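Here's the structure, in structure tokens; my notes come after.
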Amino acid sequence: MRMSMIEFSYFYFLITKNMAHIFFQLGTNQELSAAEISSVFQTEIEILSGNAFTSLPQQKVRNLFPELGGVMRSGIVLGEEATFEEVSERVIEYCIKKSTIGKKMKIGFHFSNKNGWKKYGIDLQKKLKAAIRDEEFSVRIVNRGPQNLDSYAVPKEKVLEKGNAEFYFIAMQHGWAWGVTKNIQKAYEFANRDMKKPVRDMKVGLMPPKLARMMINLSRNEKGELPDKIYDPFCGMGTILLEGLDLGLKIAGSDLSKKMVDATKKNTTWFYDSQQDYSAGGVLGDDNRQPFFLRDIFVKDATKDFYPDEKKKINNATIVAEGFLGKIFHRPVSEGAYLDQKENLFPLYRQFLFQISKEKIDNIVFGFPFWKAKDEEQNYFSFVDELVVFAKKLGFKQENTALRYIRDGQAVGREIVILRRK
Ligand SMILES: C[S@@+](CC[C@H](N)C(=O)[O-])C[C@H]1O[C@@H](n2cnc3c(N)ncnc32)[C@H](O)[C@@H]1O
């Protein structure tokens with residue numbers, strides 16, 4: 001049944017032949033994930049029930065999906081129904097149509113709402129089993145118990161392969177949208193870069209690779225293209241630079257601390273090495289196998305003038321960085337504690353922006369700190385607005401409203417700002 005509710009209005013796009021209704025399952029920080037999708041696909045999206053919807057060519061989604069950091073799955077929307085009973089009928093029809101004699105079709109179910117499995121999933125399984133008896137087609141449901149498949153189980157169970165399917169159900173305010181998953185995040189690759197890099201430090205290396213990836217994606221131009229080179233002037237352990245390398249970008253990085261610069265060199269070299277094919281002989285450490293980017297990773301106080309040799313390393317790069325967050329708080333802070341942090345950090349960032357304004361750098365994606373407030377009247381403390389006013393005086397404009405990212409159990413988050421030279 002076609003629906004006329006406002007929430008489905010976006011479905012009524014004029015769809016050309018190769019365009020499909022696409023859903024994206026957003027990560028925990030929905031606003032940021034949605035901004036990333038808009039930046040990568042340069043398209044308007046609508047967020048409903050924790051998912052983003054848009055209309056795009058399927059091939060384009062397939063090609064660019066592996067570059068995303070904040071999206072767990074994507075797929076095509078096949079229909080909208082008023083009740084789950086109708087959804088169940090469509091799913092059974094789909095299985096009958098797609099299953100082939102002599103081959104068991106493997107299928108999975110995914111409910112985007114919490115109680116979907118309990119309320120509808122078990123019943124759907126029963127209906128499907130009854131239909132199998134009547135129609136003699138062959139399917140196997142791969143979910144173990146009434147729960148969604150995670151990003152490890154999906155490839156393992158092969159549900160995205162031809163002839164199989166993962167059905168994706170999205171509860172809307174007045175009915176259901178349903179479809180099939182086409183792409184799933186390679187979560188283990190992000191986890192590997194995070195956990196297996198040779199130098200880690202829980203005290204400093206708190207930046208999640210997926211956030212780093214999303215920030216790089218926010219630096220794309222209006223055609224959706226990535227920059228040639230990114231520069232992180234607060235590179236720490238190199239989390240952002242590792243994501244840049246994985247996307248095939250040139251990288252430059254610096255940090256006040258030599259220890260951090262060494263850590264970044266080790267981590268990026270490790271990653272570069274893991275991507276190379278050394279079967280032709282030679283080992284890492286041979287001079288001619290030195291990763292090309294090591295010369296662009298250097299010790300530097302980001303509030304100081306850049307020397308000519310440093311300028312060469314960073315010219316025309318796009319800055320993607322997360323700055324020094326100050327003291328790590330796990331509980332919301334008082335105004336006094338915030339002002340203490342501001343006293344140290346505001347001048348640091350102001351001076352940094354001033355230095356950068358003198359360089360050949362036109363684009364900046366930066367994560368500044370903000371703090372959860374103890375005070376009930378105020379949710380957050382942040383000096384980002386003041387910094388943006390200053391950046392405007394230096395010749396930059398702000399492209400977005402700041403996007404906030406904060407992890408559970410932490411009281412300091414990142415407020416992500418995109419600045420472009422006017
Ligand atoms: C939050 S960490 C960055 C984390 C990094 N994005 C990562 O993933 O590992 C901030 C870094 O800023 C560096 N830092 C602090 N003050 C600095 C300054 N004035 N110039 C350059 N780096 C600075 C610190 O040494 C620290 O490594």
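In each ligand, atom 1 is the first atom listed, and ligand 1 is the first ligand listed. Computed from a predicted model, the values in this text were never measured in an experiment.
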Y94/F167 aromatic ring centres below 6.0 Å = yes
Is M237 touching ligand 1 with its side chain, its backbone, both, or neither, if touching means heavy atoms under 4.0 Å apart?
-> both
Pair [X] + [Y]: basic N to acidic O under 4.0 Å:
X: R193; Y: E243; result: yes
X: E189; Y: R213; result: no
X: D296; Y: K250; result: no
X: K342; Y: E386; result: yes

With a cut-off of 4.0 Å, which atoms of ligand 1 are near a heavy atom of [X]?
X: M207; value: 6 (N), 8 (O)
X: F324; value: 10 (C), 15 (C)
X: D301; value: 18 (C), 19 (N), 20 (N)
X: C235; value: 5 (C), 7 (C), 9 (O)
X: L348; value: 19 (N)
X: G238; value: 9 (O)
X: P233; value: 21 (C), 22 (N)
X: E322; value: 1 (C), 3 (C), 4 (C), 5 (C), 6 (N)

For atom 13 (C) of ligand 1, which of N267, L256, D255, L325 has the closest heavy atom?
-> D255
Have a look at D201, T239, L211, V199 and point out the one with the heavy atom closest to atom 8 (O) of ligand 1.
-> T239
Is the backbone of A20 close enough, under 3.5 Å, to the side chain of Q58 for a donor and an acceptor to pair up by distance?
-> no
Can you tell me if A263 has a non-hydrogen atom under 4.0 Å from ligand 1?
-> no
Aromatic ring pairing Y349/F383, orientation class (parallel under 30°, perpendicular over 60°, tilted between) = tilted
Criterion ring pair (Phe, Tyr, Trp, His ring centres under 6.0 Å) against F352, the qualifying member of F324, F306, F368, F366 | F366
